[in-house]
Each structure stands twice: as structure tokens, then as C-alpha cells.
Amino acid sequence: MESRTRPRNMTGVGRVLVVVYAILALAATGRSFVQIVLRFDHAPLAFTLSAISAAVYIVATLALIFSASRAWYLVAWAAISFELVGVLVVGVFSLIRHDLFPEETVWSWFGSGYVFVPLVLPFVGIWWLVTHRPGREVAVPESEPMERSSW
């Protein structure tokens, strides 16, 4: 039986992780666009942070897709680390200095508007990066045609 190899990052949980990041990228981009266009003067800090979070999610999504490359793997580490610091810092400040955030951002209250996915996701992303370094591949067996004698 022959076997092929494929990068380990685009299997199972890796695909789900990329999809969740892509959904958050779309949601954060849409949210920040509407906030900035309609009410930027009301909460410029909060809406700028929404736009920054959208950019981080877009970069993280692309970096995870291409993380089999060492350069993209490092970009993924940078984006996800920035995301983790962002959600923790904005989460804390949205609790203790509510006056800075008259409107919510994606990361306000630790991502409560998104069911705390922004708080959990960077931890999952970091776990994924630690366990799926570039260059590691997994063997995938070729499917064999079934022999009549085994029926």
C-alpha cells in the first residue's frame, strides 16, 4: 500500500480553527465597517479597536491556512499572540474603564458579544501552533480497491 503525505495543519481541528477564524474575520470586518461609517465620532477608540481586531483575524486566518511555511507559521504566532493580548487588555479595560468604551468592540468584556469565542480562540490557536510546527507531515494511506474475495 502506497502512502502520500500532507501538511498536518489542514486536517480535522485545523480546518475548524481556520473556519472559526474566517467567520470572526468576516464578523469583525462587518461590525467595524458599520461602526466607523455610521458612528465613528461617538466611540473612536472602540471602533478603531474593532477594525484592528478585524485585521488581526484576517491575518490569523491567512497565516493558519499557509502555516506549513515557516514564515507564515511565525506570522500566525504573531497574530494570535497579538489577539490574545488584545482580548485580555481590552477585556480588562472595558470592565474597569467603561468610559473608554461607550460602544462595544469585538474584544469588549472578553468577547462576550461573541459568546467569549474571542477569549477562547487564541488559546486554541496557540495550542494548535505548538502541536503543528511546519515541516511535520502525516502519512495518508491510499485507499485500496476492495477485493472480491473479502466480500
Side-chain angles (χ1 to χ4, degrees), residues 3-141 143:
S3 67
R4 300 174 284 140
T5 59
R6 69 174 168 215
R8 293 182 64 194
N9 61 339
M10 288 284 82
T11 61
V13 176
R15 288 183 184 167
V16 173
L17 188 62
V18 167
V19 168
V20 173
Y21 266 102
I23 290 168
L24 271 178
L26 288 170
T29 300
R31 178 185 193 136
S32 65
F33 179 78
V34 169
Q35 289 173 327
I36 289 170
V37 168
L38 298 180
R39 308 184 312 272
F40 185 74
D41 58 335
H42 179 64
L45 175 62
F47 298 159
T48 300
L49 288 171
S50 282
I52 290 170
S53 69
V56 168
Y57 287 126
I58 291 168
V59 170
T61 301
L62 292 172
L64 286 169
I65 290 170
F66 300 114
S67 66
S69 150
R70 177 122 174 97
W72 278 106
Y73 178 80
L74 295 175
V75 170
W77 263 106
I80 293 171
S81 297
F82 184 88
E83 172 197 6
L84 178 59
V85 170
V87 75
L88 292 175
V89 169
V90 172
V92 167
F93 275 96
S94 64
L95 291 175
I96 63 174
R97 290 288 313 271
H98 187 66
D99 58 309
L100 293 176
F101 299 96
E103 296 277 338
E104 287 191 17
T105 73
V106 175
W107 292 338
S108 293
W109 304 85
F110 303 102
S112 65
Y114 291 83
V115 197
F116 298 101
V117 170
L119 179 61
V120 174
L121 195 58
F123 290 104
V124 176
I126 288 170
W127 166 80
W128 186 256
L129 290 172
V130 167
T131 59
H132 294 81
R133 289 185 173 84
R136 298 168 89 188
E137 295 182 337
V138 62
V140 180
S143 54

How many angstroms lie between atom [atom1] of [X] and atom [atom2] of [Y], to the nearest 0.5 angstrom?
X: Gln35; Y: Glu103; atom1: CD; atom2: CD; value: 7.0 Å
X: Leu129; Y: Leu17; atom1: CG; atom2: CG; value: 8.0 Å
X: Phe101; Y: Leu95; atom1: CZ; atom2: CG; value: 10.0 Å
X: Asp99; Y: Ser94; atom1: CG; atom2: OG; value: 11.5 Å
X: Leu84; Y: Ile80; atom1: CG; atom2: CD1; value: 10.0 Å

Quick one, [X] and [Y] - any side-chain contact, counting heavy atoms below 4.5 Å?
X: Phe66; Y: Val75; answer: no
X: Tyr57; Y: Thr29; answer: no
X: Leu62; Y: Trp72; answer: yes
X: Trp107; Y: Glu83; answer: yes
X: Trp77; Y: Val130; answer: yes
X: Arg97; Y: Leu100; answer: yes
X: Trp127; Y: Val13; answer: yes

List the atom of [X], the atom of [Y], and the distance in Å for their closest heavy-atom pair.
X: Val106; Y: Ala28; answer: CG2-CB, 3.7 Å
X: Arg133; Y: Tyr73; answer: CG-OH, 3.4 Å
X: Ser67; Y: Pro134; answer: O-CB, 3.7 Å
X: Ala54; Y: Ser32; answer: CB-OG, 4.1 Å
X: Pro44; Y: Asp41; answer: CD-O, 3.8 Å

Hey, does the side chain of [X] reach the backbone of [Y] with a donor-acceptor pair shorter than 3.5 angstrom?
X: Thr105; Y: Ala46; result: no
X: Ser81; Y: Ala78; result: no
X: Arg39; Y: Ile36; result: no

Does the plane of the ring in Phe40 sit parallel, tilted or perpendicular to the ring in Phe47? Use 30° and 60° as the thresholds.
tilted
Ignoring hydrogens and angles, write down the donor-acceptor pairs under 3.5 Å from the side chains of residues 110-124, residues two or more places apart or on other chains.
residue: Tyr114; atom: OH; partner: Arg31; partner atom: NH1; Å: 3.3

Any side-chain donor-acceptor pair under 3.5 Å between Ser53 and Ser50?
no
